[in-house]
Amino acid sequence: MTTRKKPEVWKKDSSFCPGCGHGIVIRLIAELIEEMGVKSRELHAVGCACNLNGCWNDPQLQCPHGRAAAVAVGAKACEPDDLVFTYQGDGDAYVIGLSETMNAGYRGNITSIIINNNNFGMTGGQMSWTTLPGQTTTTSKKGRDALKEGEPFKGPELLSQFENVKFAARGAVYNPAEVNKTKALIKKAFELQMSGEGYGVVEVLCGCPTNWKMSPVDSNKWIEDAVTRYYGLGIIKDETAKILKEAI
Amino acid sequence: MSETVLMKGNEAVAEAALRAGLDFYAAYPITPQTEILEYLSKKMPELGRVCVQADSEITAINMIMGAAYTGKRVLTSSAGPGISLKQEGLSYCAANDLPVVYVDVQRGGNGLANMGSCQTEYKREVTGGGNGDYHAIILAPASVQETADMVSLAYELAEKYRNIVGIMTEATIGQLVEPVTFKEAVDPASLPVPSWAKTGKMISSSDEPIKPRIKDAKPKADRAKYFQMKEEVQMWESTNVDDADYVVFAFGAPSRVVYDALLILREEGQKIGMIRPQTLWPYPEKALEELKEDVKGLISLETNCTGQMLPDVALARDLHFKDRHVPVYSCAYIVLDRIPTVMQVVDDIKAIISGQTEEAY
Ligand SMILES: Cc1ncc(C[n+]2csc(CCOP(=O)(O)OP(=O)(O)O)c2C)c(N)n1
Ligand code: SF4
Ligand SMILES: [Mg+2]
């Protein structure tokens with residue numbers, strides 16, 4: 001058995017709920033920053049991402065709800081050598097912050113890490129644009145009616161339409177194999193940014209056992225069985241091979 | 001009158017609005033007011049009315065604007081940074097004299113703000129908030145019952161003056177569960193269609209423009225309207241003011257703490273009274289007519305760190321006491337996440353009486 005050392009950039013224990021996907025993804029990011037030996041600027045959104053306040057040893061900032069991508073573009077312009085990434089929820093990035101997310105993809109050179117847990121976790125489990133049809137939330141008590149309220153929203157697919165978006169992918173963390181694959185996806189997006197060649201987005205399907213009112217184990221099973229049917233895993237767009245090769 | 005039920009302040013907002021004939025509601029989730037959206041997202045479809053979970057507070061206020069100009073009763077609600085996002089839309093509603101009603105369940109502080117029960121939005125709400133030259137009528141309830149009563153009042157005032165009305169509650173009032181009795185429900189279809197409404201139906205789609213076409217008529221009309229509202233809408237509740245040496249001005253949740261503090265101080269022989277503004281704009285300046293001529297001081301008590309209401313108390317003082325200086329003191333509680341305890345208020349008032357606290361204005 002190998003023991004994994006706690007990355008230096010990570011300052012204090014996380015306060016996410018037990019079984020929450022957020023904790024796994026932020027750990028992967030912290031490991032990558034250490035492995036890549038870069039200085040990071042973590043720009044986190046409003047949502048359960050707020051739990052990151054005071055957790056990062058590198059510079060970090062709490063951004064207004066939905067606006068992290070715009071804040072990141074500003075930070076990157078001033079510190080182009082740093083790894084500037086946003087850490088956002090689905091509600092933050094795709095609902096209230098859709099405009100900022102799209103505009104950053106359209107012309108920014110940052111990385112967006114978006115935690116898709118199919119609801120607004122922080123505010124107690126309201127419907128998000130990523131809520132599955134029929135899924136009950138506190139504002140869709142009879143189950144989401146996709147005809148009236150929209151089909152699940154696919155952010156990376158939409159972003160991949162832009163020329164500037166060189167990498168778009170979706171990962172998950174419901175079992176160790178997916179955790180490792182997700183880490184590889186985030187790594188590619190980070191390397192792309194450090195090469196200076198464009199924008200990358202990685203969405204990660206995560207459980208929210210507290211608001212889904214499921215055990216962590218059942219949450220993972222539900223992601224594997226139901227969520228991945230709407231949200232296919234893997235690479236959606238990848239032009240990094242060419243870029244990274246040219247960079248070497 | 002219907003039977004008395006136990007309800008949260010936020011749910012009472014929703015139920016009272018439904019009973020007042022609410023036709024269209026749009027909002028975006030934010031603590032501590034999300035129960036309004038959750039309640040209405042269940043009830044409105046059952047009644048054949050429309051509740052939209054908008055993609056942002058900006059969208060919600062613009063949807064409200066669109067619905068309001070058809071003459072329907074509308075509502076949006078939010079808190080802290082969410083109300084900030086609505087300011088552009090509210091200014092447009094003011095430009096078009098639309099009678100929109102909104103609820104601000106205050107949370108505490110700048111930016112993201114915390115979940116504390118605070119009064120950090122006073123300044124924004126009473127000054128209009130958005131760009132331009134307008135005022136919303138601001139109602140400030142101190143109980144769940146008063147919250148419900150103020151919702152129906154809000155629609156009456158909004159329509160009477162064709163003006164924005166904001167109901168400014170706070171985390172404690174929104175989350176508190178108390179007995180409440182609602183008015184009989186009004187069927188929205190039975191409400192008269194305003195003459196200016198753009199309904200798309202020949203009978204009511206009058207030629208009356210939404211706003212006057214003549215260039216300088218609107219500012220003049222606005223000015224007259226704001227003076228009229230100032231004269232007619234002031235509301236307050238006073239407790240033991242006629243013989244009071246010191247009078248505390250407090251609204252919303254902290255006024256309930258002050259009420260208990262007054263009882264203790266009276267028992268100790270201190271004559272202290274309270275004026276509880278129920279309208280924050282217009283500020284109840286007329287309430288000072290109830291004070292005795294030789295009152296020793298006025299105290300502005302609120303839960304924010306800069307003393308946002310303080311200048312309004314000082315202005316009311318200047319207006320009333322023209323020949324004599326009456327000091328105005330500030331009790332602004334900087335503990336952002338809670339309202340002060342009764343004993344804290346008792347001690348702070350005693351410090352003012354004994355001359356330990358300097359006057360603010
Ligand atoms: C302007 C504004 N509106 C609303 C809120 C309340 N709010 C905080 S987090 C959140 C949604 C979070 O959902 P998501 O982005 O999916 O993150 P999660 O908590 O699920 O990780 C909302 C609506 C806010 N803080 N600011
Ligand atoms: S509420 Fe949901 S998303 Fe937020 S920390 Fe808990 S499990 Fe995670
Ligand atoms: Mg979410």
Side-chain angles (χ1 to χ4, degrees), chain A residues 43-54 60-68 70-71 88-102 119-131 135-150 153 155 211, chain B residues 8 10-11 14 24-63 76-89 105 107 109-115 171 174-175:
Chain A
L43 300 160
H44 59 272
V46 172
C48 285
C50 288
N51 289 323
L52 299 185
N53 273 329
Q60 67 168 176
L61 196 66
Q62 163 84 72
C63 308
H65 191 26
R67 321 299 174 209
V71 179
Q88 304 172 259
D90 49 294
D92 189 272
Y94 302 152
V95 184
I96 193 169
L98 180 59
S99 167
E100 283 74 6
T101 305
M102 288 295 142
N119 75 14
F120 287 10
M122 174 59 110
T123 38
Q126 291 77 31
M127 186 183 75
S128 178
W129 284 193
T130 54
T131 297
Q135 186 183 341
T136 53
T137 69
T138 64
T139 50
S140 60
K141 293 200 176 85
K142 292 183 177 152
R144 185 177 192 190
D145 178 350
L147 273 181
K148 274 208 306 226
E149 286 149 349
F153 183 94
N211 287 309
Chain B
K8 256 190 185 188
N10 284 339
E11 290 169 349
F24 182 81
Y25 171 82
Y28 184 77
I30 185 168
T31 313
Q33 63 79 50
T34 307
E35 291 88 352
I36 304 175
L37 169 64
E38 291 174 337
Y39 192 94
L40 291 173
S41 71
K42 181 165 182 288
K43 293 274 167 125
M44 289 186 82
E46 289 169 8
L47 294 165
R49 309 185 200 172
V50 183
C51 169
V52 179
Q53 180 182 332
D55 51 87
S56 74
E57 291 85 352
I58 301 173
T59 310
I61 186 65
N62 285 292
M63 287 178 172
T76 185
S77 59
S78 191
I83 299 279
S84 299
L85 291 176
K86 291 188 192 294
Q87 296 309 324
E88 179 194 46
V105 186
R107 46 200 242 170
N110 309 336
L112 183 56
N114 63 27
M115 297 306 138
Q175 297 299 321

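Letters go in sequence order (proteins before strands), and every chain restarts at 1. Being a predicted model, the structure only gives us computed values, none of them experimental.
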Looking only at heavy atoms, the pair that brings Phe120(A) and Gln53(B) closest together is CE2-NE2, 4.0 Å
What is the distance from atom CG of Leu37(B) to atom CE of Met127(A), rounded to the nearest 0.5 Å? 9.0 Å
How about Gln87(B): does its CD atom have over 12 heavy atoms from other parts shown lying under 6.0 Å from it? yes
Does some side-chain heavy atom of His65(A) sit less than 4.5 Å from a side-chain heavy atom of Leu112(B)? no
As an exercise, state the distance from OG1 of Thr59(B) to CD1 of Ile96(A), rounded to the nearest 0.5 Å. 8.0 Å
Check whether Cys50(A) gets within reach of chain B through its side chain, its backbone, both or neither, counting any heavy atom under 4.5 Å. side chain
Tell me the closest heavy-atom pair linking Gln126(A) and Glu38(B), and the distance in Å. NE2-OE2, 2.8 Å
side-chain contact (heavy atoms from CB on, under 4.5 Å), that's the test. Do Val95(A) and Tyr28(B) meet it? Break it down for me. CA-CA 10 Å; Val95(A) 184; Tyr28(B) 184 77; 4.0 Å; yes
Between Thr139(A) and Ser41(B), what is the shortest heavy-atom contact and its length? CA-OG, 3.6 Å
Closest non-hydrogen atoms of Thr31(B) and Thr123(A), given as atom of the first, atom of the second and distance, are OG1-CG2, 3.7 Å
In terms of heavy-atom proximity below 4.5 Å to chain A, should Ile30(B) be classed as side chain, backbone, both, or neither? backbone
Chain B heavy atoms under 4.5 Å from Lys148(A): which part of the residue, side chain, backbone, both or neither? neither
